[in-house]
Amino acid sequence: MRKRRRERLGSAVAAGDSVGAYNSFDIVGDIAVTKIPPESQTKAADIAKAIMSRHKNVKAVFTQTSAVCGDYRLRKLTFIAGEKRTRTVHRESGCIFAVDLDKCYFSPRLLGERQRIFKMVAPAEVVVNLFAGVGCFSILIAKQVPSAKVYSIDVNPDAFQFMQENIHLNRVPENVVPLLGDAKAIIESRLQGCADRVLMPLPEKAMEYLPAAVSTLKPSGGWLHIHLFEHAAKTEDPAEKAKQSVTDALYSLGVDFEVPFVRIVRSTGPHFFQLVVDAYIFPS
Ligand SMILES: C[S@@+](CC[C@H](N)C(=O)[O-])C[C@H]1O[C@@H](n2cnc3c(N)ncnc32)[C@H](O)[C@@H]1O
């Protein structure tokens, strides 16, 4: 899908002017977020014009001018063209997500992973989402599996506010419980031993929060979905490396487990990958 979009824009831009085959951008709601390389910065306005003429629904174009950083996983956005606002409403898999891209993390590139996870959730499961952002995983699960209960945690007050708004917009107030604060502190104070499944969609912290995640699971066991980064040289398999990292960490916690599934979520740079590891923890 992304590949097709890239090709279309590439030819549109190259045909009409000197912008070249610029092709790296995401569309969130009606806002396009580009990554313009330094050598193309002078063409930013032309690139924005090309995006807007090709994607009529796009009303604003920003360029990302910093890496995603900090506890809230935010990136600096610089306005290029269109309406000067960062708030938008994104539609995905039958859900509506309001978000301010300047204040909250959001990535349409996690769509495939969000869909993979909700399909695994069984009726009446209790799910804990440790790093929920504006609530995408949590709300999609609640919409698709109405008998599930999802505890949805985020430490960013803005993301929490949008999560509350999105719970209301998607009419799932009965089965998504929004919680503001540090995931570890919330688990310790109120979510011990209650979950069938724990989502950890924050590769920077998932391994550090693994003991807390394990303590969230019911004594009857359950699933952990652990995101992490791996570097893999040409001769190495990133999936094997990720599986080994999680295996070592779970061994050190003394739990009985298996790791039946690993997949690359996306490539984050040459030889760098974001992966998700599914681990099943057996009854304690
Ligand atoms: C990569 S984003 C997750 C995005 C979300 N799952 C989605 O699908 O859009 C990670 C989120 O974790 C939150 N976060 C970071 N540290 C946290 C902590 N200690 N406890 C709870 N949430 C935290 C950030 O505010 C951010 O919204």
Side-chain angles (χ1 to χ4, degrees), residues 26-29 31 33 64 66-75 86 88-121 127-144 150-167 169-170 172 176-191 195 197-213 215-216 224-229 265-266 268 273-276:
D26 283 337
I27 296 177
V28 181
I31 297 177
V33 178
Q64 180 176 332
S66 80
V68 173
C69 59
D71 276 350
Y72 300 167
R73 310 312 299 146
L74 303 179
R75 57 198 166 170
T86 46
T88 188
V89 174
H90 186 77
R91 287 179 164 70
E92 179 186 297
S93 310
C95 299
I96 312 169
F97 299 121
V99 61
D100 188 327
L101 298 175
D102 199 39
K103 297 177 177 165
C104 311
Y105 178 92
F106 188 92
S107 175
R109 294 179 191 223
L110 291 175
L111 163 73
E113 183 55 20
R114 293 195 266 263
Q115 292 188 333
R116 186 183 79 85
I117 293 295
F118 91 69
K119 288 176 186 158
M120 296 175 73
V121 176
V127 179
V128 176
N129 185 353
L130 263 53
F131 310 112
V134 300
C136 305
F137 277 96
S138 310
I139 289 166
L140 180 55
I141 290 170
K143 289 270 280 193
Q144 298 292 338
V150 188
Y151 293 94
S152 190
I153 307 169
D154 205 281
V155 75
N156 174 355
D158 291 307
F160 176 73
Q161 210 176 321
F162 277 101
M163 194 197 312
Q164 287 181 306
E165 184 177 337
N166 290 330
I167 289 169
L169 280 173
N170 291 280
V172 288
V176 181
V177 181
L179 297 164
L180 172 63
D182 168 57
K184 222 183 279 183
I186 290 176
I187 287 168
E188 276 165 19
S189 66
R190 58 177 291 189
L191 294 177
R197 189 178 299 278
V198 179
L199 316 185
M200 308 177 76
L202 177 57
E204 292 80 1
K205 285 194 184 157
M207 295 298 270
E208 179 195 336
Y209 279 58
L210 207 50
S215 77
T216 312
L224 303 176
H225 303 287
I226 307 150
H227 286 242
L228 71 169
F229 291 127
V265 175
R266 58 183 166 168
T268 55
F273 303 91
Q274 178 179 340
L275 299 103
V276 61

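Ligands are counted one by one from 1 in listed order, and the atoms in each one are counted from 1 as well. Sequential numbering from 1 along the given sequence is applied to the chain's residues.
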Q: Could you list the atoms of ligand 1 found under 4.0 angstrom from a heavy atom of Gly133?
A: 27 (O)
Q) In ligand 1, which numbered atoms sit nearer than 4.0 Å to a non-hydrogen atom of Asp182? A) 18 (C), 19 (N), 20 (N)
Q: Using modelled atom types only, decide if a donor and an acceptor are shared between the side chain of Arg73 and the backbone of Val68 within a distance under 3.5 Å.
A: yes
Q: Using a strict 4.0 Å cut-off to heavy atoms of Pro201, name the atoms of ligand 1 that fall inside it.
A: 1 (C), 3 (C), 6 (N)
Q: Check each atom of ligand 1 against the heavy atoms of Leu130 and keep those under 4.0 Å away; list them by number with element.
A: 21 (C), 22 (N)
Q: Enumerate the atoms of ligand 1 whose separation from the nearest heavy atom of Phe137 is less than 4.0 angstrom.
A: 6 (N), 8 (O)
Q. Considering Asn156, Leu179, Asp71, Ile153, which one's heavy-atom position lies nearest to atom 24 (C) of ligand 1?
A. Asp71
Q.
Taking the cut-offs as 6.0 angstrom to the six-membered ring centre and 45 degrees off its axis, would you call Lys184 and Tyr209 a cation-pi pair?
A. yes
Q | Option nearest atom 5 (C) of ligand 1 (shortest heavy-atom distance, choices Pro108, Ala132, Ser138, Cys136) | A | Ala132
**Q.** Contact with ligand 1 for Val134, non-hydrogen, under 4.0 angstrom
**A.** no
Q) N/O of Lys205 under 3.5 Å from N/O of ligand 1, yes or no? A) yes
Q. For ligand 1, which atoms sit closer than 4.0 Å to a heavy atom of Gly181?
A. 20 (N), 21 (C)
Q.
Taking a cutoff of less than 4.0 Å between a non-hydrogen atom of the residue and any ligand atom, is Lys184 in contact with ligand 1?
A. no
